[in-house]
Amino acid sequence: MNILEHSLSDWARQRFRAVLPEGDFDGVKLDVVPTADEQFGDYQCNAAMAVAKRVRLPPREVAQRLLADGALPDGVARAEIAGPGFINFHLDDAALARRLEAMQADPRIGVPTPGEGRTVILDYSSPNIAKPMHIGHIRSTVIGNALDRLHRYLGYRVIADNHLGDWGTQFGILILGYRRFLDADALAADPIAELERLYVKSYERSKEDEAWLNEARAELVKLQQGDAENLALWRRFVELSLGEFEKIYRRLDVRFDLHRGESFYNAQLPGVIERLRALGLAEESEGALVVKLDEENLPLCIVRKSDGGFNYTTTDLATVISRAEEFAPDAVIYVTDERQQLHFKQFFAVARRMGISTRLVHVWFGLMRLPEGTFSTRQGNVIKLERLLDEAEARALAIVKESSPGMDDAQQREVARAVGIGAVKYADLSQNPQSLVTFTWDKALALDGNSAPYLQYAHARIASVRDKYAEQFPGRDFRDAPIVLTEPVEKRLARRLVRFPGVVDRAAHAYKPNMLCEYLFDLAQIYSTFYQTVPFLKAEDDVRESRVRLCDLTARVLRQGLALLGIETPERI
RNA sequence: GCGCCCGUAGCUCAGUCGGACAGAGCAUCGGAUUUCUAAUCCGGCGGUCGCAGGUUCGAAUCCUGCCGGGCGCGCCA
């Protein structure tokens, strides 16, 4: 199935060219988009004003030519020119109904697969070994996962890779701490908490004790040289950490295809340097090896430290080279916080100079802060992800027990889990990824208003309607009667429903899951009004079927839309 | 000092990379439940879109300057 806005836009583009064959439309947006305000119609084209300038004609004249001879796109009942030269399209209700029926018959509810044959690598979450996941990790994880699901749904082959921070200088400090301060019981009880304690204690010591720092460095060198004992310790740290991360990922229903940490590329780092040298890109400077990026207007980029060690850029280069060779992706998408913007600009610039033509995208998001400022392990004001999820489920459970006292205990817990986790994810996904985020419990755990539970509730109500329909009208199938749009709110609902495929497409390609959230909330609001004001089970034959069909389609869009955000939709709430 | 990002209603945020009188949620005030799940719906209150210029038929959106905040600027990731 095609996307409605796309076919309308295609029509407009063709019309402009046909009507003004001499026109130069380079760089002019000829698209048709949903109207900002329903009173103007359903879709609008604003291109006449821009085109008018190019062809030196009055804007309304251009618009009139476009609509000359009553030309209209398929599915449009009428078009009119308004204001300075807006072209407003009004959909034909019968054609709209047929379109909804086609969506309903389609398992994919009208969403095409433009990503067919393309591969995308998504690099997200990427926590550091031996540290707990805290609320700062949730954005990369939840946004990255939503982009993963969106791209997969659009037909892309997605390779989700958790690029763990499992290598680097911190391991010298940790190994030393482990050797001197280990509390075996604590490690057994809560591995990451103990590893973190060991790290922090050893780190503090290294700040004031030169000898300690040197010892830590020595441990690091041993590890890097392949010392059997340190390597075994390192493996243990990785295993313990992954086990803990996996618990969180299971709760969040996040799955990776690969867990290739920085260590995976360790052996390839010298090769990267050689290649940079061979290409004449790298040069010595103050003992380090650097790539100058004057042409790109960027600060120079260090690819090998003066002590001979490698850094983040080197690892990222090795990683992208390896990925390009192994998977031949069309794009690699990195989801990290805003602080890494410069790093990625530099890294992308160097990669391009090395001849890597793969599209590289940095999707950055605003750093999570606490009302009192930033948080860090050292300040000891981190809020662990596990605690956030526990709290979310607990708050949800309290509400479930209150509003659904008849439900059995196990089901209450199950609903509370889906609602609580959904609320946390939605809180993060529903705002522009790039805006600053200040964490507050009430915001992260909002259960009313524009929130996942509101959407889940709307969905559950429809599930109940479908059940009641089956109960009261056994042997009938609501799909047997055509969709007929009569009530105003019914028409509004129909017009929202057909937008779904376009929204999924846009949200994925703009890397903005919040666009999908906004749509789903809007849809659920209109549905709620529909539900409140129009009878359906009590309506007469055929009208009832038509309305139940709309309910069913709304439920499926909500369910699929939320699934693309990684949010569950229980049948009962 | 240089660079990136942000400043929209009392609070939290949208605003489809210039389009038609600026939208939600929360809070607050007032209504709706013998009827399909009230975690709902309907209505009221509330904004000189940080400030000042500029470009344009048209600016919250683009440009310049200023004010305020966040982040980053070789050898941490």
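Every value quoted in this text rests on a predicted model; they were computed, and no experiment measured them. A note on names: the letters A, B, ... follow the listed sequences, proteins ahead of strands, and every chain is numbered from 1.
Going from atom CG of Leu537(A) over to atom C1' of U37(B) covers 12 Å, rounded to whole Å. Across the protein-nucleic acid pair, Lys345(A) atom NZ and A77(B) atom P stand 21 Å apart, rounded to whole Å. In this structure, Lys512(A) atom NZ and G15(B) atom C1' are separated by 10 Å, rounded to whole Å. Remark: C1' of A39(B) and OH of Tyr454(A) are 10 Å apart, rounded to the nearest angstrom. When the P atom of C42(B) is taken as reference, atom CD of Gln532(A) falls 8 Å away, rounded to whole Å. Asp522(A) places its CG atom 10 Å from the P atom of A24(B), with the value rounded to the nearest Å. Computed from coordinates, the Trp364(A) CH2 to C4(B) P distance equals 12 Å when rounded to whole Å. The distance between atom CD of Glu296(A) and atom P of G3(B), rounded to the nearest whole Å, is 17 Å.
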Nucleotide N/O to protein N/O under 3.5 Å, stretch nucleotides 20-22 of chain B:
unit_1	atom_1	unit_2	atom_2	d
A20(B)	N6	Gln44(A)	NE2	3.4
A20(B)	N6	Asn88(A)	OD1	2.5
A20(B)	N6	Asn88(A)	ND2	3.3
A20(B)	N1	Asn88(A)	ND2	3.1
C21(B)	N4	Asp37(A)	OD2	2.7
C21(B)	N4	Gln39(A)	NE2	2.3

Tabulate atom names and distances for all N/O pairs under 3.5 angstrom spanning the protein and nucleotides 59-63 of chain B.
none

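Glu571(A) comes within 4.0 angstrom of a nucleotide base, judged by non-hydrogen atoms across all strands. Among the heavy atoms of the strands lying under 4.0 Å from Arg339(A) are primed sugar atoms or P, OP1, OP2 only; no base atom is included. Contacts of Thr529(A) with the nucleic acid, taken as non-hydrogen atoms under 4.0 Å apart, involve only primed sugar atoms and P, OP1 or OP2.
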Quick one, give me the B/S/- string for nucleotides 6-11 of chain B, reading 5' to 3', where B means a protein heavy atom under 4.0 Å from the base and S means that only happens at the primed atoms, P, OP1 or OP2. ------
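Ring geometry for Phe536(A) against Tyr527(A) counts as tilted: the plane angle lies between 30° and 60°, on a 0 to 90° scale.
The base of G74(B) lies close enough to the side chain of Ser285(A) for a donor and an acceptor atom to sit less than 3.5 Å apart. In terms of polar N and O atoms assigned as donor or acceptor, the side chain of Glu286(A) comes within less than 3.5 Å of the base of G74(B) in a complementary pairing. Residue side chain Thr169(A) does not reach the base of C76(B) through any donor-acceptor N/O pair under 3.5 Å, judged by distance alone.
Between G15(B) and Asn514(A), a contact under 4.0 Å exists linking OP1 or OP2 to a side-chain N or O.
For the C1' atoms, the distance linking C42(B) with U48(B) amounts to 31 Å, nearest Å. Rounded to whole Å, the separation between the C1' atoms of C75(B) and C66(B) comes to 37 Å. Going from the P atom of G44(B) to that of U56(B) covers 40 Å, rounded to whole Å. G50(B) and C45(B) have their C1' atoms separated by 25 Å, with the value rounded to a whole Å. Annotation: C29(B) and A14(B) have their C1' atoms spaced 25 Å apart (nearest Å). Here, C71(B) and C17(B) have their P atoms 29 Å apart, quoted to the whole Å. Rounded to a whole angstrom, the distance from the C1' atom of C26(B) to that of G46(B) is 13 Å. Comparing the C1' positions of A20(B) and G15(B) gives a spacing of 15 Å, expressed to the nearest Å.
Here A39(B) is the nucleotide among A77(B), A39(B), C75(B) with the atom lying nearest to any side-chain atom of Ile399(A). Ranking C41(B), C57(B), C36(B) by closeness to the Lys53(A) side chain, first place goes to C57(B). With U40(B), A77(B), G25(B) as the candidates, the nucleotide lying closest to the side chain of Gln525(A) is G25(B). The side chain of Leu300(A) sits closest to G74(B) out of U37(B), U12(B), G74(B). Taking every side-chain heavy atom of Tyr457(A) into account, U40(B) is the closest of U40(B), C17(B), A14(B). In the set U37(B), C13(B), A24(B), U37(B) carries the atom at the smallest distance from any side-chain atom of Arg461(A). The side chain of Val400(A) approaches A39(B) more closely than any other nucleotide in the set A39(B), G25(B), C41(B). Distances were taken from every side-chain heavy atom of Lys305(A) (C-beta onward) to each of G74(B), C76(B), U12(B); the shortest belongs to C76(B). With distances taken from any side-chain atom of Lys538(A) to the nucleotides C57(B), U37(B), C36(B), the minimum falls on C36(B).
Glu61(A) places no side-chain N or O within 3.5 Å of a backbone atom of Leu57(A) that could act as its donor or acceptor partner.
A cation-pi contact, defined as under 6.0 Å to the ring centre and within 45° of the axis, is absent between Lys305(A) and Phe310(A). Geometrically, Arg492(A) does not engage Phe530(A) in a cation-pi contact defined by less than 6.0 Å to the ring centre and at most 45° from the axis.
Under the 4.5 Å side-chain criterion, counting only non-hydrogen atoms from C-beta, Gln44(A) is not in contact with Ile87(A). Residues Val62(A) and Phe16(A) meet the side-chain proximity criterion, which asks for heavy atoms closer than 4.5 Å. By the 4.5 Å heavy-atom criterion applied to side chains, His163(A) and Tyr265(A) are counted as neighbours. A 4.5 Å side-chain heavy-atom check between His362(A) and Thr336(A) finds at least one atom pair inside the cut-off.
Note that the CZ atom of Phe347(A) and the CG atom of Leu293(A) stand 12.5 Å from one another [nearest 0.5 Å].
Nucleotide C26(B) has G10(B) as its partner under the Watson-Crick or G-U criteria, with both atom distances under 3.5 Å. Pairing partner, C2(B): G72(B), with both Watson-Crick or wobble hydrogen-bond distances short of 3.5 Å.
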For side chain to side chain contact (heavy atoms under 4.5 Å, CB included), just list the numbers for Leu523(A) and Leu493(A), CA-CA rounded to whole Å, side-chain angles, deciding distance to a tenth of an Å, and then say yes or no. CA-CA 7 Å; Leu523(A) 177 69; Leu493(A) 183 61; 3.9 Å; yes
Checking Asn450(A) against Tyr426(A) for the side chain to side chain donor-acceptor pair (under 3.5 Å) test, could you report, in this order, the C-alpha distance in whole Å, the side-chain angles of both residues, the deciding distance, and whether it holds? CA-CA 9 Å; Asn450(A) 186 356; Tyr426(A) 191 89; 2.6 Å; yes
Apply side chain to side chain contact (heavy atoms under 4.5 Å, CB included) to Thr319(A) and Glu262(A), showing your working. CA-CA 8 Å; Thr319(A) 303; Glu262(A) 291 158 10; over 6 Å; no
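By the 4.0 Å N-to-carboxylate-O rule, Asp541(A) lies close enough to Arg544(A) to be salt-bridged with it.
Between Val335(A) and Leu147(A) the shortest heavy-atom distance is CG2-CD1, 4.2 Å.
In terms of position on RNA chain B, the residue among Pro433(A) and Val415(A) whose nearest nucleotide sits closer to the 5' end is Pro433(A).
Glycosidic conformation at G74(B) (O4'-C1'-N9-C4 for purines, O4'-C1'-N1-C2 for pyrimidines): syn, within 90° of 0.
Counted by atom type alone, Thr314(A) and Asn311(A) present one or more donor-acceptor pairs between their side chains at under 3.5 Å.
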